[in-house]
Engineer: 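I have a structure here, written as structure tokens, and I will follow up with some questions on it.
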Amino acid sequence: MKRKVCWLILAAINLILVSAILAQAADLRKIEVKSGLLSTRVILTADNPVQVKSLSYVSEAPPVLSMELLKARPVELPATIEPGSRLIKNVRMEPLGENLRIQMQLTDKVPFRLLVEDGKTILEFNEFLRASSYQIDPAMTALIRPENQVSFGDLNVKSEADKVSFFIGLTGEAPWQTFALENPSRLVVDLLNTNFLRPSQSYQVGRANVEKVRVAQFKTGEPCPITRLVFDLKDIGWYSLDSTPRGLQISFYSPEAVMVAEKPAEPARKAEPVKTALANAMPAAEDQNTKTKKPAIKVEEKTEIPSTKTEPAQAETRTEPEPKAAKPQTQEKEQFKPRVIQAAEDKYSGELISLKFKDADLRDVVLFLADFAGLNVIFDPEVRGTVTCNLQEVPWDQALEIVLRQNRMGKVIEGNVLRIAPIATLSREDEDLRRLKESKELAGPIQVKTVTLSYSKARDVQNLLKSRLSKSGEIVIDERTNTLIISEVRDRMELLDKLIAVLDTPTPQVSIEARIVEATSTFVRNLGIQWGYKGVIDPFYGNQTAISFPNKILADGAMIPQGIVTKGIGGPLGGYAINLPAPAFNTAVGFSFANVLDTFRLDVALSALETSGNGRIISSPKVTTQNNQAAEIVQGRQIPVQTVANFTVTTRYVNAALELRATPQITAEGTIIMNIEIQNNAADFANLVNGIPPITTQSAKTTVMVPDGGTTVIGGIYRTEDSITRERVPYLHSIPVLGTLFRSFARTKQNRELLIFITPRIIK
């Protein structure tokens, strides 16, 4: 039992050390690119082991390999490195929250693997030799001698669940070279200085992407005899090649497996990461300069490969299968990340335990829980108390927290050591540590750094950074060159650099286009009638009556002269008894009826008008401005207005113009919030007042949110006028049929419609 407890404690110590090492932030201080004959290495040097979160190709043309490092930050490194390598064009770095993204643009998409050696992270690219550029490595010239020639023995094939291996027996150690052929996919392995003393042979395999293997004597003359093995492949995949004095072993792995090279575990105190290899689903040739390698072991492909060993420096590995249609990754938008508004409750993840104590000593209970968790314990002399509890199936860390809080005690876990002390003691120590840190910070050397800003004003950035300065820090600005001169300790300088990088960014611009559409339609219909009469009964005309009284009669129905009382048209009688013409007319017809003697006359005039019209006016102001900056555009005329006060004439100008004022705000989701004020004023010169025209106003003022490139209607006015006017003679207009001779009709209908559209666009 004691032995098992000891093993548990050791395992817990190792796991805690692994967690502590992996949680440290790594400062990336150097990036080297070294090119060999068949491989190129990118060497990352950091003060702590870097952890690779993801590694994959994100672009096909041009090929770009993206690597994301957990909790890493560059120190005194340029944002872009151009190594001058034949394979790597440039290396670009960009922060990604607490992580660091490194993107490498390559001249060709080649296989890669990730190694960790001597505390350095190495990304190795295998540059395939093509048949057109095949040549023997000069480094092998010394081995190509007649006395060193070997013979090809037997070829044995061993098939396993996830790989197939080919064992080639040789009479000695032979140098070898590989290259790839395409369409169809083939891997060629040349055994230099090797004789194949039999006819060419062929073997059908059909496992691990290998369809067939062929062996033949490729060359017998200069520079040396070469035996060639050609592996016909179904698809590209991983393989390993191990050379020994007794022969050669070539293994092809199925797509479900990845390669991880073994390395003997180091002592726990050194905290050195074990050597790992990470690869994508592409063919990988081993480095030609390395002759002997340890056998590869397989692991199942997962998104993350958890550590199954107890070495404290187990490196985290992760593989991501290459997508069929890779797309460039875009930088993650920090504003989309959730923000903590209120701290969440503590989460407990310890193993479940049941406790039942009555008046037990606090120290004994803590020792029991620490023994259960595999932790060492040390108590402050002031720790005392009793515990009475009944806890069923609760995490052990929650039980420990409850027991300590009940007795006003606190805990600190350092490595695998649990320290128990009163809360006041721990608070006092934290305060002392904070003061010590501040004193060390103030006592540190002062660095002076100049930062020339590109997009922000130096004075604005200075005001924002003042709250982050230490007591010995100072920021001076040079407005002429827009430069910050920062004097600060080293620990604070890094924070200021990060803040400046966030603040000194280009402000996005927004193009705002407004469309003001005015539509009008009118309809007028007028109908009018005028008629009059005159009748004479007189002996002069011989049509007198047969009675003495009345002997003569004159009836005059044309007593309303034209142009005095109302409008209309004139008639032969000079006027009309019923004078109800149309208010406005463009068509009129008159009739005059009389007898032979002209003793009775009837004049009738009909007037009519019908008009309709449609009109549309479109105004489209457009303005571009930066985010959160007001913009204004005006087009029109100014009307001078004079006022007299105390014998002083004052002239002021009133705008009668099209005006657009807008202030955009780009949100995190890509939409645009705008404060908009738009006016479309016009002078009405048809209705002057003391020689000054009144202003016809159309305006809107609002705040709206619109998607990028979207269009919205911020306002509209719809106005309809419909008026009917009837003029008529009382009582007589109601006579059926004949009533139309005693009335006129006029109708005016007018529709006005105003719509205001807004379309904002973020300028990319």
Side-chain angles (χ1 to χ4, degrees), residues 1-24 48-49 51 70-71 265-271 273-274 304-316 343-430 433:
M1 184 65 182
K2 291 183 179 180
R3 189 173 182 181
K4 292 183 178 179
V5 171
C6 291
W7 277 109
L8 289 175
I9 292 175
L10 289 176
I13 292 173
N14 289 332
L15 290 175
I16 292 174
L17 288 176
V18 170
S19 301
I21 292 172
L22 295 180
Q24 293 179 358
N48 291 320
Q51 306 170 47
L70 285 173
K71 294 185 178 180
E266 298 289 341
R269 293 184 180 180
K270 290 186 178 181
V274 297
E304 293 185 359
I305 303 176
S307 174
T308 58
K309 298 184 180 182
T310 58
E311 285 82 349
Q314 178 67 40
E316 179 185 355
E345 296 182 358
D346 293 336
K347 302 297 182 182
Y348 302 101
S349 57
E351 188 176 349
L352 299 181
I353 190 174
S354 297
L355 300 177
K356 190 173 183 180
F357 295 104
K358 181 179 180 181
D359 297 332
D361 185 72
L362 174 63
R363 299 191 180 200
D364 293 338
V365 176
V366 173
L367 287 173
F368 174 78
L369 291 174
D371 183 66
F372 179 82
L375 298 175
N376 299 319
V377 186
I378 183 170
F379 293 96
D380 190 271
E382 299 181 4
V383 174
R384 61 180 60 88
T386 58
V387 177
T388 300
C389 66
N390 183 8
L391 303 176
Q392 300 295 327
E393 298 296 325
V394 297
W396 70 265
D397 48 354
Q398 183 182 7
L400 177 62
E401 186 77 22
I402 294 173
V403 168
L404 294 177
R405 190 185 306 129
Q406 188 70 20
N407 290 272
R408 295 181 176 85
M409 298 293 167
K411 71 178 188 303
V412 175
I413 298 179
E414 298 176 356
N416 66 336
V417 178
L418 173 64
R419 182 187 170 208
I420 307 298
I423 294 178
T425 301
L426 296 177
S427 300
R428 186 169 56 254
E429 290 179 357
D430 291 340
L433 288 175

Engineer: State, to 0.1 Å, how close N407 and V387 come at their nearest heavy-atom pair, and which atoms those are.
Structural biologist: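 In terms of heavy atoms, the two residues are closest at ND2-CG2, 4.1 Å.
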Engineer: For Q392, give me all partners under side chain to side chain donor-acceptor pair (under 3.5 Å), at least two apart in sequence or on another chain.
Structural biologist: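 Per chain and number, Q392 pairs via side chain to side chain donor-acceptor pair (under 3.5 Å) with S354, N390.
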Engineer: Nearest heavy-atom pair of E401 and K411: which atoms, and what distance?
Structural biologist: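 Nearest pair, atom of E401 first, then K411: OE1-NZ, 2.5 Å.
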Engineer: Taking all heavy atoms of P422 and all of D380, pick out the closest pair and write down the distance.
Structural biologist: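 Taking every non-hydrogen atom into account, CD-OD1, 3.9 Å.
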Engineer: Which atom names give the shortest non-hydrogen contact between V365 and A360, and what distance separates them?
Structural biologist: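 Of all heavy-atom pairs spanning V365 and A360, the closest is CG2-CB, 3.9 Å.
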Engineer: Could you check if a side-chain atom of Q398 sits within less than 4.5 angstrom of a side-chain atom of I402, using non-hydrogen atoms only?
Structural biologist: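 Result yes, sub-4.5 Å side-chain heavy-atom pair found.
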Engineer: Taking atom CG of N376 and atom CD1 of I413, what is their separation to the nearest 0.5 Å?
Structural biologist: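 Atom-to-atom, N376:CG and I413:CD1 are 11.5 Å apart.
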Engineer: Could you check if a side-chain atom of V366 sits within less than 4.5 angstrom of a side-chain atom of L400, using non-hydrogen atoms only?
Structural biologist: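 Yes, side chains in contact.
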Engineer: Between W396 and L375, is there a side-chain heavy-atom distance shorter than 4.5 Å?
Structural biologist: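 Sidechains of W396 and L375: in contact.
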Engineer: Can you name the residues that form a side chain to side chain contact (heavy atoms under 4.5 Å, CB included) with L352, not counting sequence neighbours?
Structural biologist: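 Partners of L352 under the side chain to side chain contact (heavy atoms under 4.5 Å, CB included) test: E393, P395.
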Engineer: To the nearest 0.5 Å, how far apart are CG in D364 and OG1 in T386?
Structural biologist: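 Going from CG on D364 over to OG1 on T386, the span is 11.5 Å.
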Engineer: Show your working on side-chain contact (heavy atoms from CB on, under 4.5 Å) between L355 and F372 and close with a plain yes or no.
Structural biologist: CA-CA 12 Å; L355 300 177; F372 179 82; over 6 Å; no
Engineer: Are V383 and R363 packed together at the side-chain level, in the sense that at least one heavy-atom pair is separated by less than 4.5 angstrom?
Structural biologist: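 Sidechains of R363 and V383: in contact.
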Engineer: How long is the straight-line distance from CG of L433 back to CG of L426, given to the nearest 0.5 Å?
Structural biologist: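 Nearest 0.5 Å value for the CG-CG distance: 10.5 Å.
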Engineer: Would you name the heavy atoms of L418 and A370 that are closest together and state the gap between them?
Structural biologist: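 Of all heavy-atom pairs spanning L418 and A370, the closest is CD2-CB, 4.4 Å.
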Engineer: The criterion is salt bridge (charged side-chain N to carboxylate O under 4.0 Å, His left out); which residues satisfy it with E429, sequence neighbours excluded?
Structural biologist: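 E429 satisfies salt bridge (charged side-chain N to carboxylate O under 4.0 Å, His left out) with R419 only.
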Engineer: Hey, what do you get for CG (L367) to CD1 (I420), rounding to the nearest 0.5 Å?
Structural biologist: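 The CD1 atom of I420 is 9.5 Å from CG of L367, to the nearest 0.5 Å.
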Engineer: Just wondering, do F357 and V403 contact through their side chains at under 4.5 Å, heavy atoms?
Structural biologist: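 The answer is no; the side chains never approach within 4.5 Å.
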Engineer: Looking at every heavy atom in both A399 and L369, which two are closest together, and how far apart are they?
Structural biologist: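 Here A399 and L369 meet closest at C-CD1, 4.3 Å.
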